[in-house]
Amino acid sequence: MLDIKFVRANPEKIKEALEKRGYEIDFDNFLFFEKERLALLRDIEEKRALRNSVSQEIANLKKSKDSTDKIDKLIVEMRNLGEELAISEKRLKDIEEKVENFMLFLPNIPHQTVPFGKDENENIEVRRWGEPPQFDFPPMNHWDIGEILGIIDFERAGKIAGSRFAIMRGLGARLERALINFMLDLHTQKGYIEVFPPILVNKASMTGTGQLPKFEEDLFRITDPEFYLIPTAEVPVTNLHREEILSEDDLPMYYASFTPCFRKEAGSHGKDVRGLIRQHQFNKVELVKFVKPEDSYEELESLTRDAEEVLQKLGLPYRVVALCTGDLGFASAKTYDIEVWLPGQGRFREISSCSNFEDFQARRANIRFRRRDKKGTEFVHTLNGSGLAIGRTLVAILENYQQKDGSVIVPEVLRPYMGVDVIK
RNA sequence: GGAGAGGUGGCCGAGUCGGUCGAAGGCAGCCGCCUGCUAAGCGGUUGUAGGGCCAAAAGCUCUACCCAGGGUUCGAAUCCCUGCCUCUCCGCCA
């Protein structure tokens, strides 16, 4: 959420900034209601102040016991005032709801360093690492490799759950587990605290990180009782400190969290229908940071490097792209995507997304901190990035390390976790 | 799932015949005094958010907040209803 004081003072600036993201937002209604809200608030507070003082007077009069006429008169007056107040309060509540709702649907403002662009085609490549492997045979897709090796079963997954599900089997399942352990070990060695949170969360948590109210259709929801399945560990982990005031000494805080993730993929019919790339359920190790505002862009760089390191250790070629304004996520001020090379597709595919949300999520989730020598509170900055998506990493390994005979070499760093050198 | 108890400020804890309670007291913290050092002692101080005054800061002032949301009342931490959470016992279960 943006700062409402800033929005009402600078609607033109916000409008302009959000146009860069492709949002056309009309502020007139908002400004109108916001003005009324403040006027109404003033009026209500005045009436409440009056009621408070008269009620006090009534209490004092009652003690003296004789001026019952005056008491009755005051009570009648206050009864009437109370009725007026109730009408105004109802009106205020309606307006507050409108204003709040408007604010919840406003996306974050892109950072000055975010390249301008319309869609993902205008993202800027920042750097590349590694060389795509050369094959003296036509490289296969991971779903063919997986099927031949008997380590991924899409067909039975379709039977027991439906499309966009997969079953990992034998060394495939072990590879999944090896990747989880490898990534968690790597990140926790660097100071990230491992957390394993609930993967069913409430509405407030989803609102805190920005999935709700705008992206309800992307989420799996259960009723009775009401919960949402997390689309990423970002949600529970960022909400760890919702409604908290941290001390400056606690910052920065780094978390690493492995969780399953669930997404409806409602808008992507026909996209990546085969293979592991786009699943309703997938595993991911997520990195989440809580930092002081002045450090957050430096922290975004180091967060991205920490995610890249996973690929480097696995020997998987990748590139880093800076998302342009038109491709930026709703809550993000700046995002780097890391794209891994997939020989089966002959292209780079997203495997991590590292974002600085500045105070956008902190304001929604009310996550603040207090500086040692200053009074008052400030919002923290939150960041997160995949480190990495497990399923897509597994895909990249199968495709990059495939051999002519159909076997797959296990990257060096995974061998202690796998117990074998080759999957065949 | 059944029965019961409870949710108060950073922490502990008082406060139910509704009023002077943003909330006693203690602890912790901060500032000062005192003290050979430490401890003890003494005085003061310490929540969050929003509005108004102010060019702004400081400051002053008002409003709201005693789990959340409704209700009763001139007035609610205190009474009523609903929800959430915690604890105890029984049952069930990985």
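Chain letters run A, B, ... following the sequence lines, proteins first, then strands; residues in each count from 1.
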Item to check | Whole-Å C1' distance, rC65(B) and rG22(B) | outcome: 9 Å
Which pairs, protein N/O on one side and nucleotides 65-75 of chain B N/O on the other, fall under 3.5 Å?
from	atom 1	to	atom 2	distance (Å)
rG70(B)	OP1	Lys93(A)	NZ	2.8
rC74(B)	OP1	Arg79(A)	NE	3.0
rC74(B)	OP1	Arg79(A)	NH2	2.6
rC74(B)	O2'	Ser55(A)	OG	3.4
rC74(B)	N4	Lys62(A)	NZ	3.4
rG75(B)	O4'	Ser55(A)	OG	3.2

Next on the checklist: Please report the distance separating the P of rC17(B) from the corresponding atom of rC12(B), rounded so that it comes out in whole Å.
Outcome noted: 25 Å
Next on the checklist: According to side chain to side chain contact (heavy atoms under 4.5 Å, CB included), who are the partners of Asp26(A), at least two apart in sequence or on a separate chain?
Outcome noted: Asp28(A)
Checklist entry - Going by the salt bridge (Lys or Arg N to Asp or Glu O under 4.0 Å) test, which pairs reach into residues 378-389 of chain A, not counting sequence neighbours? => result Arg371(A)-Glu378(A)
Listed pairs under 3.5 Å, donor-acceptor, residues 107-119 of chain A side chains, sequence neighbours left out:
from	atom 1	to	atom 2	distance (Å)
Asn108(A)	ND2	Ala331(A)	O	3.0
Asn108(A)	ND2	Phe357(A)	O	3.2
His111(A)	ND1	Thr113(A)	N	3.4
His111(A)	ND1	Thr113(A)	OG1	2.7
Thr113(A)	OG1	Lys334(A)	NZ	2.9
Asp119(A)	OD1	Asn121(A)	N	3.0
Asp119(A)	OD1	Asn121(A)	ND2	3.3

Next on the checklist: Between rA23(B) and rU46(B), how far apart are the two P atoms, rounded to whole Å?
Outcome noted: 11 Å
Next on the checklist: With heavy-atom distances below 4.5 Å as the criterion, would you say the side chains of His241(A) and Leu246(A) are in contact?
Outcome noted: yes
Checklist outcome for this item: Its contact letters, B for base, S for sugar-phosphate only and - for none at protein heavy atoms under 4.0 Å, make nucleotides 46-52 of chain B read -SSSBSS
Next on the checklist: So, using salt bridge (charged side-chain N to carboxylate O under 4.0 Å, His left out) as the criterion, who are the partners of Glu216(A) when residues are at least two apart?
Outcome noted: Arg221(A)
Item to check | salt bridge (charged side-chain N to carboxylate O under 4.0 Å, His left out) involving Glu234(A) - partner list, sequence neighbours excluded | outcome: none
Checklist entry - Between rG44(B) and rC27(B), how far is it from one P atom to the other, in whole Å? => result 15 Å
Item to check | Separation between the C1' atoms of rU45(B) and rU38(B), rounded to whole Å | outcome: 24 Å
Next on the checklist: Show every side chain to side chain donor-acceptor pair (under 3.5 Å) that has at least one partner inside residues 266-276 of chain A, sequence neighbours left out.
Outcome noted: Glu265(A)-Ser268(A), Asp272(A)-Arg278(A), Asp272(A)-Arg349(A)
Next on the checklist: If I pick the C1' atom on rU20(B) and the same atom on rG83(B), what distance separates them, to the nearest angstrom?
Outcome noted: 34 Å
Item to check | side chain to side chain contact (heavy atoms under 4.5 Å, CB included) against Asp72(A), all qualifying residues, sequence neighbours excluded | outcome: none
Item to check | Length of the CD-C1' vector between Glu243(A) and rC85(B), whole Å | outcome: 15 Å
